[in-house]
Amino acid sequence: MNKGVISLFLAIVMLAFIATGCGAPATPEPPAAEPAVKEAAEEPATEEAAEPAAEEPAEEPAAEPAAEEPATEEAAEPMGEPVTLEFAQWWGVELPEGSLRDMMDEFEAQNPGITVELLSAPYAATRQQTVAGAATGTMADVVGLDGAWVNDFVKQGALANLSNLMSDAGYDDSELAAQIQLDGSTYMIPVANFVYPVFVNLDLLEQAGIASPPSTRAEFAAAAEQLTDAENNVYGWVLPLSVEQPNGIQNDVMSWVWASGGSMLADGQPNLVGNEDVSSAMEFIKGMYDAGVIAPGAFAMAEPDKVEEFVNGRVGMMVDSLAHINLIRERNPDLNFAITALPAVEGYTGPRGLPYASWGIGVAENSEHQAEAWKLIEFLMSQETNSKLSSLAHAFPGNVNATPDYVETDESFAAAFDVFQNGYLANEFVGLPVAEELMRQYDEQFQLYLDDGQTLDEALANAQAAWMESFQ
Amino acid sequence: MNNLMTKSTQNVMMKALVIVALLIGALFAGFPVLWMLSSSLKSNTEIFAYPPRLISESFSFDAYRAVLTNPEQLRFFFNSYLVSILVTIFTLIVGILGGYSFSRYKFKFKSHLNVIIIGVQAVPPITLMIPYFGLIVALKLYNTYWALILTYMVFTLPYAIIMMTGYFNTLPRDLDEAVLIDGGTSFVALWRVLVPISLPGIVSVGVYTFMLAWNEFLFALTLTKTNDMRTVPVGIQLLMGQHSYEWNQMMAMSVLGSLPVLILFLVFQRYFIAGMSAGSVKG
Amino acid sequence: MANITISTEAKTRNWHKTGKQLVPFAYLSPTILLLTVLSLIPIAIVFYYSLMDNVIITRDTPAFVGISNYVDLITDSVFHQALGHTLYLTIISVIAHLILGLSFAMLLNTELISPGMRALFRVVYILPWVFTASIIAILWRLMLNPNGIINFMLISVGLASEQIEWLSSRQLALPAVTFINIWSGYPFYMVSLLAGLQGIPKDLYDAGTIDGANRRQLFQYITLPQLKPIIISLAMLDFIWTMHQFTLIWMTTGGGPIRATEVLSTFTYKLAFSSYKFSMASANAFIILALSIIVALFYVRNQRATDE
């Protein structure tokens with residue numbers, strides 16, 4: 001059906017709608033000096049209706065490619081014809097200035113005829129633009145992705161099937177540490193992974209008389225209690241639960257479940273009710289909340305605030321991205337801190353799930369240069385480039401053979417690498433539908449539980465019900 | 001004699017009272033801004049220090065230096081000026097024409113048009129985002145200055161027309177009729193006679209328009225793709241990383257961003273204040 | 001651009017009148033063109049979305065569902081909460097803007113201080129107006145942080161005994177957000193009312209004084225009635241603008257904690273950009289539109305009354 005005609009029609013309906021809406025109270029104009037001439041007065045009305053008709057069809061070509069962009073196009077691309085790839089991501093903002101551009105220059109040198117235009121914006125802005133781009137078929141050729149977005153973009157048909165691109169290019173995927181798949185096809189490849197271990201302020205720990213960082217939940221709760229000195233505004237733990245950026249649920253709340261080998265899902269469906277792993281973790285957090293060992297302001301706190309609290313020495317422990325090590329050092333060079341794995345329940349000896357966030361990458365379905373786009377991904381995933389990228393970002397590489405240099409040169413990272421090697425990456429929100437909304441829904445129920453507005457069973461039942469709606 | 005004494009004492013009392021009230025009001029209005037200024041001169045860590053201090057040990061202009069030496073950031077300022085000035089000019093031209101029409105003519109659908117013009121600004125802009133974005137892409141305006149200019153005109157025109165209609169209503173009709181009798185057209189009457197004497201009203205609408213275009217964020221972000229097309233509010237947002245914010249630079253940038261607006265207000269305040277009245281009396 | 005389809009003779013005969021009738025539309029044509037293309041069309045598309053299901057989120061053709069999105073919304077308890085919070089925020093903001101705007105305008109209008117001082121104070125008083133909403137949100141988040149300057153000052157002077165969680169407690173978040181909105185919005189009123197005050201003819205006050213009216217009576221019988229038209233215009237615009245207030249609330253609380261500050265605009269945003277329920281978000285937009293139109297109608301009716 002023709003969208004243009006529909007919108008034109010609706011524009012007229014709208015006009016009528018508004019006109020009748022105000023028709024009732026409107027009293028007729030007192031007769032003007034000259035009697036109104038009907039044709040003349042109505043003229044502009046038809047004019048304004050005619051105008052959009054001319055403009056509208058232009059929308060078609062833009063909307064069309066989103067729906068069906070044949071993969072044949074790329075084969076038809078003759079060698080040597082210059083191609084410009086747009087690469088939208090938030091990484092350029094996070095990496096040392098200019099370093100992503102340097103990598104692109106290298107790629108361009110290796111692939112004559114392809115130029116890469118970097119569209120770097122912060123995380124939130126990238127998300128907003130990618131959503132708008134996906135809805136209107138204007139996404140950049142290559143896009144940086146978060147695992148939480150993938151499901152929705154695939155449903156919209158905005159992402160290209162990377163499995164096909166890989167087989168077209170004859171790519172051997174054995175080097176890839178992970179692939180995010182839906183219905184058996186890959187749509188996102190994690191380029192770099194950031195795990196979330198526990199950061200401890202060693203000076204505060206020493207002051208409180210704690211010998212070593214906690215390794216079980218009970219130890220953690222005890223340490224948090226000892227660290228807390230409300231008089232002097234020092235607290236044991238910090239918990240960001242802002243609903244604007246609900247990723248605290250993933251990194252600071254659910255991570256406790258995964259660290260003890262638990263899961264919030266069963267057969268890919270929500271499994272919050274009657275799940276001992278989940279409820280014990282929530283009771284554990286509630287215990288600390290009630291004991292007053294969590295820094296105040298949790299319900300409105302977001303990830304950047306959390307880090308500032310830690311940097312200022314007001315919290316003894318926090319769960320945080322490894323990517324922050326440099327930032328913390330830069331903000332407070334005197335801070336004496338260490339990194340340790342997220343504690344597990346008493347007696348748990350299995351491997352610990354490590355929450356993580358990824359810089360993922362994908363290709364737009366509407367891209368006219370999917371083959372070239374894949375070349376860029378291949379380049380970023382190559383052992384050499386991936387080592388370089390993960391070194392710069394202080395991330396764990398997406399290529400199994402890549403080794404970032406920081407492992408040897410930096411003690412804190414070496415410790416983190418140990419944590420990483422003894423556990424496995426666990427983030428169950430990756431690939432779920434409306435993942436951010438799931439976190440937010442859980443967040444609201446969890447806050448109400450912490451605030452004594454409902455029992456744990458009610459909270460989990462409500463969260464489960466809200467989640468089920470999105471899973472249908 | 002006695003009576004006079006009391007009067008002057010009363011006046012002094014009154015004056016003291018007014019000054020105290022003004023100072024309290026200024027504290028309410030100005031303190032948060034003072035805090036912004038203070039934060040822009042601190043290190044990121046000091047911003048969160050407790051107890052907070054107005055002037056910290058880390059006092060420095062580093063944040064300003066960082067903003068002012070970054071060509072990308074300076075480009076944001078340039079873009080903001082360009083877009084805001086053009087929006088102001090175009091809104092004024094189109095708004096003056098529209099206001100004149102509403103003020104001086106009686107015509108069919110006049111009150112309907114009036115309600116539509118008020119009504120279009122009643123739709124929450126965030127919900128229009130997706131179709132609006134599609135439209136801008138279809139019109140080939142995506143990532144251009146025109147996308148922003150036309151968008152802000154859509155936001156400012158209703159207010160401009162309401163105000164200009166009100167303002168023209170306060171001017172006697174004899175003025176333009178004199179021109180017509182002399183054989184001039186209504187167009188001449190508008191630009192040669194009405195516009196010059198409505199300068200205060202025009203300035204007030206202009207300042208409002210400029211402020212809106214200067215401060216708008218949501219559409220400025222979505223309708224542009226590359227940093228060379230972006231404006232100051234987006235630039236401020238670009239300092240918010242995935243995990244951490246450059247608090248002091250954000251503050252410095254908004255202090256810098258507010259200066260031209262304040263200067264504008266200082267320069268035009270006489271006009272502005274006189275103009276607002278006439279427009280809104282009959283608004 | 002407007003082709004008139006009447007015969008030549010008639011044309012000559014009617015030229016003058018027809019031309020005259022077209023003039024107002026000619027003046028309005030840039031406005032009509034712009035608002036039709038960039039405002040009415042997107043509004044129409046949103047209206048179309050609100051009657052469909054599955055728009056944008058899938059590649060399937062959307063299905064026509066009539067008013068079921070509206071019914072779902074109106075029966076949704078979150079929507080009721082959001083509506084209640086929106087009315088709270090809007091009504092309190094509008095009233096507070098008015099009171100503050102008028103008091104500040106009268107203070108700044110006083111003859112008791114020198115013109116230079118007045119100009120200085122005017123600049124200080126409009127400060128909240130010159131910042132973009134996202135920076136206002138960030139600034140107030142810093143100040144209202146449990147370890148922020150506001151708590152520090154309250155504790156220092158003994159007004160508070162412990163750190164108050166302004167934005168993160170269920171009881172205080174909505175009043176706190178409303179306060180921020182009041183702070184950021186009053187200057188627009190103040191400037192407009194200041195202008196209005198200066199437009200009131202002096203002789204009215206002189207006559208009032210001769211009749212023996214005191215300050216309060218002068219205010220009640222001269223100032224207020226003279227300002228009434230401005231106040232009504234301002235209140236209408238402010239009502240509509242505050243209903244749309246999004247960035248400020250989103251960036252301070254995100255609608256939390258536990259929906260304590262959920263307003264229609266944050267609710268709409270989440271529906272559209274977090275749950276991808278664009279149809280529901282569109283329906284919500286039209287409910288906000290309908291509420292705004294009611295206000296606009298009061299305004300237009302009032303306008304007509306003043307015109308006559």
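Labels below follow one simple rule: chain letters A, B, ... track the order of the sequence lines, proteins then strands, and each chain is numbered from 1. Values below: all heavy atoms of this structure, side chains included; hydrogens, waters and symmetry mates excluded.
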Toward chain B, the part of A:Thr126 with a non-hydrogen atom under 4.5 Å: neither
Smallest separation among heavy atoms of B:Trp247 and A:Glu308, with atom names: NE1-OE2, 2.8 Å
Heavy-atom closest pair, residues A:Ala121 and B:Arg230: CB-NH1, 4.1 Å
Residue pair B:Ala49 / A:Asn312: nearest heavy atoms and the distance that separates them: CA-OD1, 3.6 Å
Audit row: A:Asp305, B:Tyr245, side chain to side chain contact (heavy atoms under 4.5 Å, CB included) steps and yes/no: CA-CA 9 Å; A:Asp305 309 319; B:Tyr245 295 171; 5.6 Å; no
Whether A:Arg331 side chain and B:Glu46 backbone form a donor-acceptor pair below 3.5 Å: no
Chain A-proximal positions within residues 220-229 of chain B [heavy-atom distance under 4.5 Å]: B:Leu221, B:Thr222, B:Thr224, B:Lys225, B:Thr226, B:Asn227
Nearest-0.5 Å distance, CG of residue A:Asn233 to OH of residue B:Tyr50: 6.0 Å
Rounded distance [0.5 Å steps], CG in B:Leu218 versus CD in A:Gln128: 5.5 Å
Among A:Val311, A:Ile328, A:Leu335, the one residue meeting side-chain contact (heavy atoms from CB on, under 4.5 Å) with B:Thr45: A:Val311
Between CG on residue A:Leu327 and CG on residue B:Asn44, distance to nearest 0.5 Å: 8.0 Å
